[in-house]
Amino acid sequence: MLEFEQVVKRYRRGREQVNAVDGVSFTLQAGEMLALHGPSGSGKTTLLLLVAALLQPDEGAIRFDGRDLSRMSQNQGCDYLHSEVGFIYQNPQLMPRVSALENASIKLVLGGVGTRAAQARTLPWLARVGLAGTELTRAAPEQLSGGERQRVALARALVGGPA
């Protein structure tokens with residue numbers, strides 16, 4: 001379960017203070033989906049960065065399965081992001097000159113899974129996003145379209161089975 005309780009995140013833009021997230025509260029149960037929409041600059045990305053523990057709130061509490069994300073150390077936040085979250089950045093942040101398969105399996109390799117085993121676990125995810133069984137699994141990001149890069153990032157986000 002993910003809980004936001006009166007969460008506030010502020011930024012400074014010159015002399016102006018911007019409340020990117022301003023008193024947001026909600027509860028999201030396991031299996032539920034939440035869609036965020038709004039104009040550019042309305043705080044959608046900031047909210048997602050807070051969920052991923054990549055930002056800390058200025059006020060309020062964020063809990064995931066009872067753990068307070070806003071009180072995690074940097075190392076705890078990294079562990080949480082690695083093991084619990086499937087995060088897809090707006091820019092897919094793929095490693096250049098490394099195959100789609102290697103890019104998609106890197107999260108598992110960094111988590112201690114052997115390279116061959118990680119790639120074997122990754123191939124079904126690449127198939128689900130329409131990239132397995134093609135030369136695209138061996139292609140480097142610079143050889144892929146923007147949509148194909150995003151699909152590699154999606155497979156990478158899901159391969160570890162995030163909560």
Side-chain angles (χ1 to χ4, degrees), residues 1-14 16-95 98 100-113 118 121-122 124-131 141 144 146-163:
M1 174 174 22
L2 176 66
E3 300 172 89
F4 267 52
E5 184 179 313
Q6 292 298 306
V7 174
V8 175
K9 182 63 182 176
R10 298 180 194 93
Y11 292 105
R12 303 257 348 129
R13 187 179 299 151
E16 177 186 13
Q17 177 176 290
V18 177
N19 289 343
V21 175
D22 193 9
V24 172
S25 296
F26 67 86
T27 301
L28 191 62
Q29 300 292 333
E32 283 188 298
M33 284 194 237
L34 174 68
L36 301 175
H37 65 90
S40 180
S42 63
K44 301 178 299 293
T45 299
T46 300
L47 190 133
L48 291 173
L49 292 171
L50 288 163
V51 169
L54 292 168
L55 286 178
Q56 295 295 315
D58 294 317
E59 296 177 25
I62 304 169
R63 288 181 289 280
F64 179 77
D65 286 344
R67 292 176 290 162
D68 189 344
L69 302 184
S70 58
R71 301 213 189 289
M72 287 183 172
S73 70
Q74 188 172 8
N75 285 343
Q76 290 170 322
C78 287
D79 289 344
Y80 162 77
L81 179 61
H82 178 78
S83 62
E84 303 287 343
V85 177
F87 198 85
I88 303 169
Y89 296 88
Q90 289 175 335
N91 173 340
Q93 298 186 352
L94 302 178
M95 296 177 292
V98 175
L101 178 58
E102 292 167 308
N103 264 295
S105 63
I106 192 66
K107 188 173 182 179
L108 294 176
V109 172
L110 292 174
V113 177
R121 285 176 51 187
T122 301
W125 285 103
L126 287 172
R128 289 183 76 174
V129 299
L131 294 178
L144 300 172
E148 290 164 341
R149 290 179 195 151
Q150 284 290 17
R151 290 189 274 159
V152 171
L154 178 59
R156 180 183 59 201
L158 297 175
V159 71

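Quick note: numbers below take in every heavy atom, side chains included, and nothing from hydrogens, waters or symmetry partners. Numbers here are sequence positions counted from 1. Because the structure is a prediction, the values reported are computed rather than measured.
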Hey, could you give me the [atom1]/[atom2] distance between [X] and [Y], rounded to the nearest 0.5 Å?
X: Leu69; Y: Phe4; atom1: CG; atom2: CZ; answer: 8.0 Å
X: Asp22; Y: Ser42; atom1: CG; atom2: OG; answer: 12.5 Å
X: Leu108; Y: Thr122; atom1: CG; atom2: OG1; answer: 5.0 Å
X: Phe87; Y: Leu48; atom1: CZ; atom2: CG; answer: 5.5 Å
X: Glu5; Y: Glu59; atom1: CD; atom2: CD; answer: 12.0 Å
X: Thr46; Y: Leu54; atom1: OG1; atom2: CG; answer: 11.5 Å

Any idea which heavy atoms bring [X] and [Y] closest together, and the distance?
X: Asp65; Y: Met1; result: OD1-N, 2.6 Å
X: Ile62; Y: Leu50; result: CD1-CB, 3.7 Å
X: Leu131; Y: Glu148; result: CD1-O, 3.8 Å
X: Val113; Y: Ala118; result: CG1-N, 3.5 Å
X: Glu84; Y: Pro162; result: O-CB, 3.5 Å
X: Ala155; Y: Ala104; result: CB-CB, 4.2 Å

What do you reckon, is [atom1] of [X] surrounded by more than 12 foreign heavy atoms closer than 6.0 Å?
X: Arg10; atom1: CZ; result: yes
X: Arg12; atom1: CZ; result: yes
X: Arg67; atom1: CZ; result: yes
X: Gln74; atom1: CD; result: no

Worksheet item: Does a side chain donor of either Gln6 or Ser25 reach within less than 3.5 Å of an acceptor in the other side chain?
Response: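 There is such a pair (donor and acceptor under 3.5 Å, judged by atom type) between the side chains of Gln6 and Ser25.
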
Are [X] and [Y] close enough that some pair of their side-chain heavy atoms sits under 4.5 Å apart?
X: Pro141; Y: Val152; value: no
X: Leu94; Y: Arg156; value: yes
X: Leu126; Y: Leu101; value: yes
X: Trp125; Y: Leu154; value: no
X: Pro57; Y: Lys9; value: no
X: Phe64; Y: Val51; value: no

Within the side chain of [X], is there an N or O that forms a donor-acceptor pair under 3.5 Å with the backbone of [Y]?
X: Asn103; Y: Val98; answer: yes
X: Lys44; Y: Pro39; answer: yes
X: Gln150; Y: Gln90; answer: yes

Worksheet item: Salt bridge or not for Arg63 and Asp68, using N-O below 4.0 Å?
Response: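 Salt bridge between Arg63 and Asp68, a charged N being under 4.0 Å from a carboxylate O: no.
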
